[in-house]
Amino acid sequence: MAKGITKRKDNYYKWYNDIVMKAGLAENSSVRGCMVIKPYGFAIWEKMKECLDKMFKETGHENAYFPLFIPKSFFSKEANHVDGFAKECAVVTHYRLKNKEDGTIVVDETAKLEEELIIRPTSETIIWSTYKKWIQSYRDLPILINQWANVVRWEMRTRLFLRTAEFLWQEGHTAHASKKEALDETIQMLNIYSEFAEKWMAMPVIKGKKTENEKFAGAIETFSIEALMQDGKALQSGTSHFLGQNFAKAFDVKFTNKTGKLEYVWASSWGVSTRLMGALIMAHSDDKGLVLPPKLAPIQVVIIPIYRKKEELITIKKVVNKILIKLKEKGISYKFDERDTHRPGHKFAEYELKGVPIRLAIGKRDIKNGTIELARRDTYEKKTYEQIGIENIIQELLEEIQENIYLKAIKFRKENSHIVNTYDEFKKVINEKQGFVFAHWDGTSETEKKIKNETKASIRNIPFGYPEEEGKCIVTGKYSKQRVIFAKAY
RNA sequence: CGGGGUGUAGCGCAGCCCGGUUAGCGCAUCUGCUUUGGGAGCAGAGGGUCGCAGGUUCGAAUCCUGCCACCCCGACCA
């Protein structure tokens, strides 16, 4: 474990990388743009998965699995879809290798595929080609399917968790008999993402609709949740798309409705990815390392014994075991780190780096006094408590920490949200302060593009739940129905 | 694809300009002793096709040519 990590204010980019690597979350692999997710990082992802999976199932969705490969011809069936993804597709062209005389292995050119296969960047096409077989009548609807999978998008530049060539995600693909039902589903899933982000990740997000420029390739409308990171940049953390009948038309998926007429099926798709890991890291962590919300921490409490001799450790263990039983009863996850290869100070630093919410330390003097020292990761506050009943204090504290880091993130977002009314003001804020900028926009793609070219800020979304305050576009002065959120984005 | 840079021990780097003992340093690793309430100290040890291929030279990590890989900035990115 290397000492020290770069400070946020010195180099935010390095700080992020330091945390990912030194906390043991992930590292770059020998494949360009692809990462190795290490056990501790994967444990956090598994917690996220577990929770989301439960939420999906509670709302009637089922898991299934579709192929990694997509025939090239499927791809071109939806024009916007292919336009959006063509430039970043990995393509499989052969199915065999052979040995050359010099011992090297080469592609066997005689084993060329009749039709190339695309490694899925998203699964709408393979899934809708399947749904065609499954759907005949309104009685077959709705289909509410989710899949946990990996996808590949050949990105030019990658960053651990935030943008990798291969990433893990879930993608929901639903089919409905009416437009309203599909739209309701789209919004329902957006709400689930938002609830997950806020209640589990302790990360405030703004729900809203994407502009034409920013929407999903093949969607009628895209909705997103947007979070603000500590460097003032926005991170799109989840998207839910209303696909209308676009994919049903592309794959000729029709059903007979109650009145006996043939109609195209309505669709939604929605997804979150390992990018959420990036969001989680950047939302709460500090210069000493990761800060995890208790609800997603693989280890909620770490217990560190402080001892000189083996006999002391034995005494400590007896006391600790009683506490561990109580923690287990309460469903609190813990780790008792009795390694004698590292000293206590080293362990303290290590678990701070790993973002463990609560640390207990117990040594000779605690044994004598019947006490235990408790330190919380979010505030660094240290206090000594009676051993008896410590599990209750821990349970309450875990909830308090969850709440505290959420409130801290809310406060940060509030301090970094700006309302501006002129383009000059806009440029100044975007350049000097960053953050979310609420401004009026005339609703045209031209204006959005102009602003993006000139300031690098894009419209994150047209937020829901904000007063529909009318105004004039900061660039053109034309009518605007409501303010939209601008920010520089990841 | 354009601009810049880097490849030397597991990791991070120095050495290269100006060729010349046995290629160094920090961290990590291993052994021993002492330590253990905030990243231990001392002593010792192990670990190298100097990115690859060719060339110049008595002699190349160092100079030359070609190739490869990676990184950064830009373009690109639901």
Side-chain angles (χ1 to χ4, degrees), chain A residues 1-6 11 13-14 17-18 21-22 27-34 78 80-89 121-122 124 151 153-159 162-165 167 169 171 209-226 236-243 269-273 275 288-289 304-310 312-313 316 337-354 359-369 371-375 380 382 384 452-453 456 458-461 489-490:
Chain A
M1 195 70 55
K3 266 186 208 175
I5 53 179
T6 308
N11 187 334
Y13 177 96
K14 268 195 174 170
N17 262 315
D18 279 355
M21 310 260 246
K22 292 180 178 170
E27 63 188 35
N28 282 311
S29 71
S30 39
V31 183
R32 194 206 73 102
C34 297
E78 215 288 338
N80 289 322
H81 192 65
V82 70
D83 280 354
F85 288 106
K87 277 180 280 180
E88 51 187 42
C89 283
T122 178
E124 274 77 7
V151 287
R153 295 178 191 180
W154 215 261
E155 300 285 357
M156 313 274 299
R157 279 177 69 182
T158 58
R159 273 189 82 178
L162 297 172
R163 173 170 290 117
T164 47
F167 56 92
W169 77 344
E171 46 181 329
K209 194 173 103 173
K210 284 283 184 186
T211 62
E212 283 299 301
N213 282 339
E214 300 273 334
K215 77 177 188 187
F216 175 72
I220 303 286
E221 283 184 316
T222 288
F223 303 92
S224 74
I225 52 170
E226 302 284 334
Q236 176 176 296
S237 307
T239 46
S240 187
H241 315 291
F242 170 62
L243 303 175
S269 72
W270 28 274
V272 295
S273 71
R275 181 179 241 207
K288 284 200 175 170
I304 295 166
I306 296 153
Y307 61 96
R308 287 163 196 265
K309 294 172 187 160
K310 280 243 167 85
E312 286 177 32
L313 177 62
I316 291 170
D337 187 351
E338 55 175 303
R339 285 177 299 172
D340 62 0
T341 51
H342 297 273
R343 307 201 328 170
H346 183 96
K347 295 179 187 174
F348 291 173
E350 184 180 335
Y351 293 106
E352 267 162 16
L353 185 54
K354 292 194 158 213
R359 180 185 77 227
L360 299 175
I362 179 162
K364 202 171 169 184
R365 76 174 180 231
D366 295 298
I367 295 295
K368 203 169 79 188
N369 300 334
T371 56
I372 193 159
E373 185 190 77
L374 185 154
Y380 295 106
K382 270 197 258 188
T384 300
K452 193 172 179 180
N453 286 336
K456 288 184 180 167
S458 55
I459 298 177
R460 301 323 305 150
N461 67 25
Y490 274 98

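Protein chains get the first letters and strands the later ones, always in sequence-line order, with residue 1 at the start of each.
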When you compare B:G10 with B:G20, how far apart are their C1' atoms, in angstrom units rounded to a whole number? 31 Å

Polar side-chain contact A:R308-B:G37 base: donor and acceptor under 3.5 Å: no

Measure the distance from NZ on A:K452 to P on B:G74 and round it to the nearest whole Å. 14 Å

Distance between the C1' atoms of B:G7 and B:G46, in whole angstroms? 25 Å

To the nearest Å, give me how far apart CD1 (A:I316) and P (B:U36) are. 13 Å

Can you tell me which stems RNA chain B forms, taking runs of 3 or more consecutive Watson-Crick or G-U pairs with both distances under 3.5 Å? B:1-7 with B:68-74, B:10-13 with B:24-27, B:29-34 with B:40-45, B:51-55 with B:63-67

Taking the same atom, C1', in B:G48 and in B:G24, what whole-Å distance lies between them? 12 Å

Looking for any heavy atom pair under 4.0 Å, which part of the strands does A:G363 touch: base, sugar-phosphate only, or nothing? base

Assign A:R339 to base, sugar-phosphate, or nothing according to its heavy-atom contacts below 4.0 angstrom with the strands shown. nothing

What does A:K364 touch in the nucleic acid at a heavy-atom separation under 4.0 angstrom: a base, only the sugar-phosphate, or nothing? base

Which part of the nucleic acid does A:Y13 contact within heavy-atom distance under 4.0 Å: base, sugar-phosphate only, or nothing? sugar-phosphate

Decide yes or no, distance alone: a donor-acceptor N/O pair under 3.5 angstrom between the base of B:G38 and the side-chain of A:K288. no

Want to settle it: does A:H241 or A:G33 sit nearer the 5' end of RNA chain B, counting the closest nucleotide to each? A:G33

